[in-house]
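Numbers for residues simply follow the sequence, beginning at 1.
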Amino acid sequence: MVRRLTLLMAGALMGATAMVAVQGGLHITAAQAAGSDTYKQLSLFGEVFERVRNQYVTPPDDQKLIESAINGMLTSLDPHSSYMNADQAKEMSVQTKGEFGGLGIEVTMENQLLKVITPTEDGPAFKAGVLAGDYISQIDGTEVRGLTLNDAVDKMRGDVNTPIELTLIRQGADKPIKLTIVRDVVKVKAVKYRVENDVGYVRVISFTEQTFEDLQKAIKDIQSKVPADKLKGFVLDLRLNPGGLLDQAVAVSDAFLDKGEIVSTRARDPQDITRFDARPGDLINGKPMIVLINGGSASAAEIVAGALQDQRRATVLGTRSFGKGSVQTIIPLGENGALRLTTALYYTPAGKSIQGKGIVPDITVEQPLPDDLKGRAEPMSESSLKGHIKGVQEDAEGSGSIAYVPPDPKDDLQLIEALKLLRGEQANAAFPADPTKGFSK
């Protein structure tokens with residue numbers, strides 16, 4: 001199952017991450033060890049903890065108290081650092097891996113029932129006969145009414161080769177339909193694509209472990225359908241992409257670059273700088289590119305947009321991106337979950353920090369909102385988050401923009417503009433990008 005992604009990415013705060021994972025525990029030097037004043041404060045915490053345990057009006061849950069205290073400490077640092085208990089760490093691992101044991105259906109909540117948006121082709125639900133538009137009223141005999149979307153989705157996930165019974169309400173059927181489905185490995189597609197006559201359109205939805213592999217397959221399939229002499233170029237759509245794994249952002253950038261820096265990360269120690277460089281080989285053989293971004297393009301998506309923009313490999317079109325330029329390291333804590341800690345800021349090849357600033361497109365094209373969203377959709381931005389790390393180049397203008405993409409491509413003005421440029425139906429000084437011009441820091 002895949003939770004439905006809304007057009008206005010309300011979950012960008014949680015999803016907007018460029019993450020790296022580390023193994024093992026922490027090594028603390030003498031210089032980093034807590035001083036006597038710190039231990040006095042820890043003693044104060046212990047006293048408060050005991051007071052709450054013994055005197056609060058109702059007996060509190062000790063584990064929840066500790067988890068809340070840890071989370072309070074981390075969230076006071078910035079909006080992206082947090083503690084994850086074992087269940088939350090497992091869920092994050094599932095999201096970044098991009099595959100899990102499940103049914104292969106995209107669902108949303110409607111009228112207190114689960115509505116099937118679409119079953120994944122050749123997935124377990126598809127093979128069992130689940131159809132788009134079906135309503136799921138019961139899961140293993142449990143009523144869906146009263147459950148949250150997340151709770152219902154979690155009930156449908158499970159170990160591979162285990163059965164689950166769904167009760168479906170289908171338009172035209174005179175009674176509910178009961179189906180027993182055996183869970184299987186479900187891979188969430190990180191990339192969707194299509195051919196727009198003579199242009200390849202590739203949308204990167206998120207940066208999971210599957211992203212680069214899915215991208216390679218998408219490009220290869222497009223190239224097999226459109227002869228090289230007819231293919232005008234590619235649109236790489238990063239709109240509404242909340243981020244994900246740093247190594248996948250580097251790999252996607254590298255797919256279109258022959259050389260040069262992709263991104264650098266800089267930690268607390270001024271000497272602690274890590275650079276990622278491109279290797280020879282361009283999957284689209286130098287074809288013109290346009291990258292689409294908006295306020296929902298964050299973190300790992302901004303790494304790709306920034307690299308291709310600075311290296312003059314692609315023209316960036318749309319509206320200013322979210323502006324999240326920090327890297328979170330996932331530190332496993334064994335059976336106690338994991339720590340998500342902001343450990344570095346990343347910089348584009350030209351040395352620009354986009355923290356609180358965002359990627360400014362080469363060509364700005366605003367996407368009008370439909371009437372039902374006017375006055376309700378707010379710009380999405382890192383700079384508006386309480387407690388965010390102030391970027392070195394952040395200014396009063398801040399980052400971000402409205403994050404909206406029309407469901408019907410014929411209404412998508414940003415995509416339409418990109419296609420016109422690639423086909424030569426419209427001209428702009430910023431297109432095509434010229435890699436020979438390089439950049440200046």
Side-chain angles (χ1 to χ4, degrees), residues 190-205 207 211-212 214-223 225-241 248-263 278-294 297 300-319 321 348-350 359-365 405 409 412 414-439:
V191 174
K192 292 185 178 181
Y193 68 96
R194 63 180 183 266
V195 172
E196 291 274 356
N197 296 318
D198 52 1
V199 173
Y201 171 85
V202 180
R203 179 186 169 213
V204 179
I205 300 167
F207 290 89
T211 302
F212 181 61
D214 286 356
L215 177 71
Q216 288 177 300
K217 292 177 181 177
I219 291 173
K220 187 174 182 180
D221 192 40
I222 290 171
Q223 290 171 332
K225 292 176 178 176
V226 185
D229 61 333
K230 303 291 186 185
L231 189 58
K232 301 292 188 185
F234 284 79
V235 172
L236 180 64
D237 193 347
L238 300 177
R239 295 173 298 176
L240 305 183
N241 184 317
Q248 290 293 306
V250 170
V252 169
S253 303
D254 194 7
F256 306 106
L257 293 169
D258 268 322
K259 60 181 180 179
E261 184 179 307
I262 293 172
V263 67
R279 298 164 297 179
D282 178 351
L283 293 186
I284 63 173
N285 304 312
K287 288 286 185 182
M289 281 185 70
I290 292 180
V291 176
L292 301 181
I293 62 171
N294 65 11
S297 307
E302 294 173 293
I303 289 174
V304 176
L308 298 180
Q309 182 183 56
D310 279 2
Q311 296 292 359
R312 304 290 193 266
R313 178 61 187 88
T315 299
V316 177
L317 184 150
T319 55
S321 64
T348 69
I359 298 292
V360 179
D362 301 303
I363 302 173
T364 297
V365 177
V405 178
D412 191 342
Q414 293 167 337
L415 175 59
I416 291 170
E417 181 84 1
L419 294 175
K420 285 181 179 179
L421 289 166
L422 286 165
R423 290 171 179 152
E425 297 170 359
Q426 197 158 301
N428 190 292
F431 179 83
D434 184 356
T436 64
K437 291 183 178 179
F439 60 85

Checklist entry - Going through the distances and angles, do K217 and V191 end up as a side chain to side chain contact (heavy atoms under 4.5 Å, CB included)? => result CA-CA 9 Å; K217 292 177 181 177; V191 174; over 6 Å; no
Next on the checklist: Here's a test for you: under side chain to side chain contact (heavy atoms under 4.5 Å, CB included), which of V235, L215, D237 qualifies with V202?
Outcome noted: L215
Next on the checklist: Could you walk me through whether L317 and F431 satisfy the side chain to side chain contact (heavy atoms under 4.5 Å, CB included) test, starting with their C-alpha distance in whole Å, then the side-chain angles of each, then the deciding distance to 0.1 Å, before giving a yes or no?
Outcome noted: CA-CA 10 Å; L317 184 150; F431 179 83; over 6 Å; no
Any donor-acceptor pair under 3.5 Å linking the side chain of [X] with the backbone of [Y]?
| X | Y | result |
| --- | --- | --- |
| D258 | G281 | yes |
| Q223 | A228 | no |
| N294 | R239 | no |
| Q309 | P361 | no |
| E417 | Q426 | no |
| D310 | A350 | yes |
| S321 | I359 | yes |
| T211 | A190 | no |
| D362 | T315 | no |

Next on the checklist: Would you say that L236 contacts V204 through its side chain, given a criterion of any heavy-atom pair below 4.5 Å between the two side chains?
Outcome noted: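 L236 reaches V204 side chain to side chain.
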Item to check | Pairwise distance CD1(I290) to CZ(F234) - rounded to 0.5 angstrom | outcome: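 Here the rounded value is 13.0 Å.
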Item to check | CZ-CG distance between F212 and L283, expressed to the nearest 0.5 angstrom | outcome: 5.5 Å
Checklist entry - Under the salt bridge (Lys or Arg N to Asp or Glu O under 4.0 Å) rule, what pairs show up with a residue in residues 278-288, not counting sequence neighbours? => result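 For residues 278-288, and leaving out neighbouring residues, the salt bridge (Lys or Arg N to Asp or Glu O under 4.0 Å) pairs sorted by first residue read D254-R279, D282-R313.
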